Structures are given as structure tokens and as C-alpha cells.
Amino acid sequence: MNALADRAATAERAIRDRHLRRVWGLPGTVLGRSGWPPSTGQRVHWHWNYWWQAHLLDTLVDAQLRDPSPDRLKLIDRFVASLRLRNFGKWINDYYDDIAWLGLALQRVGHLGLDVRGGLEAISSRLREGWTDDSGGGIWWRVGDQFKNAPANGPAAIFHAREGATQHARGLTDWMTERLVDPETGLVWDGVRVDSGELVKHIFTYCQGVYLGACLELSELDRVEHTIHAVAAHVAPDGVIRGQGGGDGGLFAGILARYLALAAPLLPSGVARDLVLRSAEACWNGAAATPQGPLFSADWATPAPSLPLAPDAPERDLSVQISAWMLLEAAATLDHRV
């Protein structure tokens, strides 16, 4: 195992030890507690973050591909069943971005040989229902809303491309290109409020990631390269992807790193590879020690706080720790590629 793979394995052990627990105390179940040290509500998985769990599942798949293990495969199978249980027997919710993230994770679970066809069918159907011609196309952020954004359309485009629905994926991606890409910087804005026509021009790192991921699935490599250079110029000071706090923002940088790593082998410039590896080095070097292993910072360019953590420290959040683990798994896939 190479050095970067060792780091990914260490991150996996730390996060599994700190966060993975039974759901409601039921034997055979497992999900990630959303905080560490956990509050009372987090101990019983009362605090429910569907899309954080989807990314935890996806990163468990990363680990399984890095170092195949029958025990981890059983864990992944239990995790999928537990996620559906905690979602009260359903695969979906009202947020199209959440649904797409779980769909992407389940697609990869399926490639491991586990049967998740029911989940994939439910998710594909619901995502297709989200498309309307309002504001030129695209899908909604959530059911009954008036907002269309990159966080929903990007992962949905990747999902549909991977299920073979290329034309539908292209429609989602083209809508983002036409409506959300800043012609001056090349960065991807957050979304558009359909009822007012307002462009919401917040710059989030994961919007860049899902857009370049969608373009990558469609072999739009010029768009991918353009986005990567925009990322390097604007959201990665000194080559380290910037953090965006805790909560949902804790996942943003890791999502960008995932798709940068997928793009890196296909591009001649080396920029994507450098961004992932520099970010991974900073993330690893800035981790704090805990009895269970490294605790990663919410901003990889800044060292994590030492224990005990303040009650409002973003490093307590599962999202922040998954993001770092995701980054280290992404870096491990690039270690042998020069």
C-alpha cells in the first residue's frame, strides 16, 4: 500500500471509530452519527442528514475499491439498509440534490455486486419528475420550490449519464452552462430563482465540482479544463481548496476534490492533480490527534483545533470529517499517476 493509501486508510479507521453506530440501538444497523462528541440527539440518530449519509456511503465505496474487504462489503450492505430504514422505508425525500447524491452512491454500490436496483429505479424516476421548462429547463432544488441550482442539476446530470441517459444528462449540463457559468471568471454560480429571475451568484466549491463532473461524464473536456483553471485561480489559495465551514458546507471541498481526481488522468495540464495532492497534504498535516486517530480541519489550509473541541467547532461535524476522508481517498487514486 502506498503512502497516500495509508493515509486514506487511517482516515477511514478514525471516522468509522468516532461516528459509525447502530440506528436506534437495533442489531445489524449502522449509520454515521452527525457529530463527535455526539449530543443526545445525535446518539440516537435523531439529527438526520440524508445527504451526509449518502456521501459517507460513497466514501465507504472508495475505501472498498482501494482495499477490497468482505467485512467492509457487509458493512456497506448494512449501511444501505439502515439508511432506508432511518428514512422511514423510503429511498427518496423532497430534495432533488439529496436524491441525486444517494443515487450516485447506490450506482457505485451496485458495481460492487450488491442489489440496489429498487433504490436506483425510485431515484431515477423522481429525478426525471423534477425537470420543467421553467427558466429554460433544469430540475428544481426541492419539490414545491421556485429555485433551480447547480447542487441539484450537477449530480443529477452525472447520475443520468452513468445510467446511460446521455441526452437527458446533456440537457441538465447545458442548462447549467447557459444559466450558471460566469462568463468572466468561469466559475459556476449557485442557481436561479425562477419566480423572480434572480441569479444567486454565491460561489460554492461543490458547484464547481458537480459541474465539471457532469461535463466529464459527457466528455466535454474543454469545459472541464476551463472550470479547473477557474477553481485554481479563485477558490484554491496556494493550491489548497478552501473550506466552507461546518454543517452542509463541510462537504463542499471534498466533493470538488472527488471530481478533480476523476478528471486529472484525462487532462494534460496537471492542474487538477496538483490541487488534489496539495490539498491532501495540507489536510493531513493540519489534522489534530485524537485517541481514535486524526481529526481533520474544516479548512485544510488551517490546522484543526486540539481537544477538547468547543461546542460550536465545525470539526465536530461528520460532514467535515467525511470531506477530508473523501479528499484522501481521491489523492490515493492519483499517487501512481505521474
Side-chain angles (χ1 to χ4, degrees), residues 49-52 54-55 58 84 87-88 90-107 116-183 186-220 223-224 227 248 251-252 255-256 259:
N49 294 100
Y50 173 112
W51 83 289
W52 295 14
H55 283 286
D58 214 7
R84 188 182 183 192
N87 204 46
F88 303 111
K90 299 184 296 182
W91 293 107
I92 60 176
N93 66 13
D94 286 342
Y95 289 81
Y96 291 104
D97 54 344
D98 287 13
I99 296 165
W101 288 124
L102 181 57
L104 289 171
L106 290 180
Q107 284 176 327
V116 290
R117 288 172 294 180
L120 291 173
E121 290 168 2
I123 288 168
S124 181
S125 176
R126 175 56 71 90
L127 288 176
R128 288 176 181 275
E129 292 171 5
W131 174 280
T132 71
D133 292 332
D134 300 274
S135 196
I139 66 171
W140 301 105
W141 171 46
R142 63 181 175 182
V143 175
D145 208 280
Q146 287 294 306
F147 190 46
K148 292 186 174 182
N149 62 1
N153 282 270
I158 299 168
F159 175 86
H160 288 305
R162 290 180 180 176
E163 71 172 355
T166 304
Q167 184 175 356
H168 193 58
R170 191 172 299 280
L172 294 164
T173 306
D174 288 347
W175 179 82
M176 288 188 290
T177 301
E178 293 163 7
R179 296 305 309 269
L180 300 183
V181 176
D182 181 355
L187 293 173
V188 182
W189 294 319
D190 186 30
V192 58
R193 301 193 189 283
V194 173
D195 48 355
S196 66
E198 175 196 357
L199 277 171
V200 179
K201 296 185 177 182
H202 299 314
I203 299 299
F204 297 122
T205 46
Y206 80 143
C207 292
Q208 321 313 310
V210 297
Y211 177 70
L212 73 86
C215 293
L216 186 64
E217 293 294 332
L218 297 170
S219 299
E220 297 282 357
R223 290 181 182 176
V224 171
T227 305
D248 286 347
L251 277 164
F252 292 2
I255 291 168
L256 174 55
Y259 293 103

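Since the structure is predicted, the reported quantities are computational estimates derived from the model, not experimental observations.
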Side chain to side chain contact (heavy atoms under 4.5 Å, CB included) with Glu217: of Leu212, Thr166, Ile158, only one passes, and it is Ile158
Quick one: sort the Trp141 and Tyr95 rings into parallel, tilted or perpendicular, breaks at 30° and 60°. perpendicular
Can you tell me how far CG of Leu218 sits from OG1 of Thr173, rounded to the nearest 0.5 angstrom? 4.5 Å
Name the orientation class of the two ring planes belonging to Phe204 and Tyr206 (parallel below 30°, tilted from 30 to 60°, perpendicular beyond 60°). perpendicular
Calculate, to the nearest 0.5 Å, the distance between atoms OG and CD1 belonging to Ser125 and Ile92 respectively. 8.0 Å
Per the side chain to side chain contact (heavy atoms under 4.5 Å, CB included) rule, which among Asp190, Asn149, Val192 passes with Val200? Asp190
Mind checking the NZ-CG spacing from Lys148 to Leu172? Nearest 0.5 Å is all I need. 9.5 Å
Can you confirm whether the side chains of Trp101 and Asp58 place a donor and an acceptor under 3.5 Å from each other? no
CG (Asp195) and CG (Asp145) are apart, to the nearest 0.5 Å, by 8.5 Å
Mind running side chain to side chain contact (heavy atoms under 4.5 Å, CB included) on Ile203 and Trp189 for me, showing each step along the way? CA-CA 6 Å; Ile203 299 299; Trp189 294 319; 3.7 Å; yes
Side-chain heavy atoms of Asp182 within contact of Lys201, under 4.5 Å: no
Give, for atom NZ of Lys90 and atom CZ of Arg84, the distance between the pair rounded to the nearest 0.5 Å. 11.5 Å
Is there a side-chain contact between His160 and Ser124 in this structure, where contact means two heavy atoms from C-beta onward sitting under 4.5 Å apart? yes
Euclidean distance, Arg223 CZ relative to Tyr211 OH, rounded to 0.5 Å: 4.5 Å
Would Asp134 and Trp140 count as having a side-chain donor-acceptor pair, cut-off 3.5 Å? no
